[in-house]
There are 2 protein chains.
Amino acid sequence: MGLTKIDTYSSLTLHKAAIFKALGHPARITILEYISKQTTCICGEIVAELPLSQASISRHLSELKAVGLIKGTITGTSVCYCLNLETLPLIIQFINQLHLPTPQTCCP
Amino acid sequence: MGLTKIDTYSSLTLHKAAIFKALGHPARITILEYISKQTTCICGEIVAELPLSQASISRHLSELKAVGLIKGTITGTSVCYCLNLETLPLIIQFINQLHLPTPQTCCP
DNA sequence: CTTATTAATCGTAATATTGCGATATAAAGA
DNA sequence: TCTTTATATCGCAATATTACGATTAATAAG
C-alpha cells in the first residue's frame, strides 16, 4: 500500500478499503468471476485458465481469502474454493450508504 | 500495480479492477464518504478533515476522478467535488452478476 | 500590477505489490 | 516406504503506490 498512515483510520474504514483493494486487480476479478461461474466449486483449474504461474494464482487466492471474499476447503490434495456470502453484502452496503447527489445539490 | 500482465485481460476486466483499486485505500474511502455526507458539494475542506497534506489529498481526488467515481467543477480558485452517479452502478452490477453458491453447490 | 488563495503537479524517498522459480508441505496411490 | 499430485510459501527482482515539500498555475482581491 506504499506509505499509508494506517493508524489514522477507523478499523471499519480499513476493512472496507482492504476488501476493495483485494478486488483491485484484474487477475483477482477474473478469478472471482470464474469461481462464481461454476456451479460446482473450483480448485487449481484456475491455474490452467489464467496466464499466471501456480505460485501467483495461489497468492491471489490467499488474498481473496484473507479479506473473506472466498472460502477454501481442502479435499485430498486439492483445495476447493467458493464465494463467501458474508462479505459481498458489505460492498453493496457501502454503495447504498452513499448519499447520492441530485443535479440541485451537486456542483454548479 | 506491481508487475501486472495487463495486456492479457479484457478492457472490461481492467476497468472494473481500476474502479475497485481506486476504492482500495482508506483515505479515498474516507474522502468519498465525506463528499457524500455533505448536501452541498465540497472543495478543499477535505484537506482540513484528513491528516494528509494538500498534495496527497489532491492526488487521491484525481485518482477518484480518473476512474469516474467523482466529478470536479472549478469555481473561482476552489474546486467543488461531488459523486459521479454513472460509475457506482457498475459496482452493484458486478456484485449482482456473481452467481452466488448455495450450501449444496459449494465446497464440502 | 501585485499579492493572496486554492489546487495541481513535480521530484524524491519509503514502502508495497506482483510475478516467478525453487522449495516446502501434505495427502494419495503404487 | 517412495513417488506422484496439488497447493502454499520463500526469496528475489521489477515495478507501482504513497506521502510530502516545493513549485507551478490560475483566479480573486487589493
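Here the structure is a predicted model, which means the values were calculated and not measured. Here is how names work: the chains are called A, B, and so on, in the same order as the sequence lines, proteins then strands, and each is numbered from 1.
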A:Ile74, CD1: over 12 other non-hydrogen atoms inside 6.0 angstrom: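 It does not: A:Ile74 CD1 has 12 such atoms or fewer within range.
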Answer yes or no: are there more than 12 heavy-atom neighbours, outside B:Glu86 itself, under 6.0 Å from its atom CD?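 Open: at most 12 neighbouring heavy atoms sit under 6.0 Å from CD of B:Glu86.
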How long is the line joining [atom1] of [X] and [atom2] of [N], in whole Å?
| X | N | atom1 | atom2 | result |
| --- | --- | --- | --- | --- |
| B:Leu64 | D:dT18 | CG | P | 11 Å |
| B:Arg59 | C:dT9 | CZ | P | 10 Å |
| B:Leu61 | D:dA19 | CG | P | 13 Å |
| B:His60 | D:dT18 | NE2 | C1' | 7 Å |
| A:Ile31 | D:dT7 | CD1 | C1' | 14 Å |
| B:Glu49 | C:dA7 | CD | P | 14 Å |
| A:Ile46 | C:dG19 | CD1 | C1' | 17 Å |
| A:Lys21 | C:dT15 | NZ | P | 15 Å |

Side chain of [X] - closest among [options]:
| X | options | value |
| --- | --- | --- |
| B:Ser53 | C:dC20, C:dA8, D:dC20 | D:dC20 |
| A:Gln54 | C:dA8, C:dG21, D:dA8 | D:dA8 |
| A:Ser58 | C:dG19, C:dA8, D:dT7 | D:dT7 |
| A:His25 | C:dT18, C:dC20, D:dT18 | C:dT18 |

Would you call B:Leu90 and B:Lys16 a side-chain contact if the rule is heavy atoms closer than 4.5 Å?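 Not in contact.
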Under the criterion side-chain contact (heavy atoms from CB on, under 4.5 Å), I'd like the reasoning laid out for A:His60 against A:Leu52: C-alpha separation, chi angles, the key distance, then a yes or no. CA-CA 10 Å; A:His60 284 305; A:Leu52 290 174; 3.9 Å; yes
Is a donor from one side chain sitting under 3.5 angstrom from an acceptor on the other, for A:Ser78 and A:Thr75?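 Distance-only check fails for A:Ser78 and A:Thr75.
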Quick one: on DNA chain C, does B:Ile57 or A:Leu52 contact a more 5' nucleotide (nearest heavy atom)?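 It is B:Ile57, whose closest nucleotide lies nearer the 5' terminus.
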Between C:dT6 and B:Tyr81, is there an OP1 or OP2 to side-chain N/O distance shorter than 4.0 Å?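 False: B:Tyr81 side-chain N/O out of range (4.0 Å or more) of C:dT6 OP1/OP2.
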So, OP1 or OP2 of D:dA19: does either fall under 4.0 Å of a side-chain N or O from B:Ser56?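 It does not, given that no N or O in the side chain of B:Ser56 lies less than 4.0 Å from OP1 or OP2 of D:dA19.
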Stepwise, does the side-chain contact (heavy atoms from CB on, under 4.5 Å) test hold for B:His25 with B:Glu63? CA-CA 11 Å; B:His25 192 284; B:Glu63 271 182 77; over 6 Å; no
Identify the heavy atoms of B:Leu83 and A:His99 that sit nearest to each other, and give their distance.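 So the minimum-distance heavy-atom pair works out to CD1-O, 3.9 Å.
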Let me have a per-nucleotide readout for nucleotides 25-30 of chain D, 5' to 3', with B, S or -, counting only protein heavy atoms under 4.0 Å. --BS--
Is B:Ser78 touching bases, backbone alone, or none of the nucleic acid, heavy atoms closer than 4.0 Å?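 B:Ser78: backbone/sugar contact only, no base atoms under 4.0 Å.
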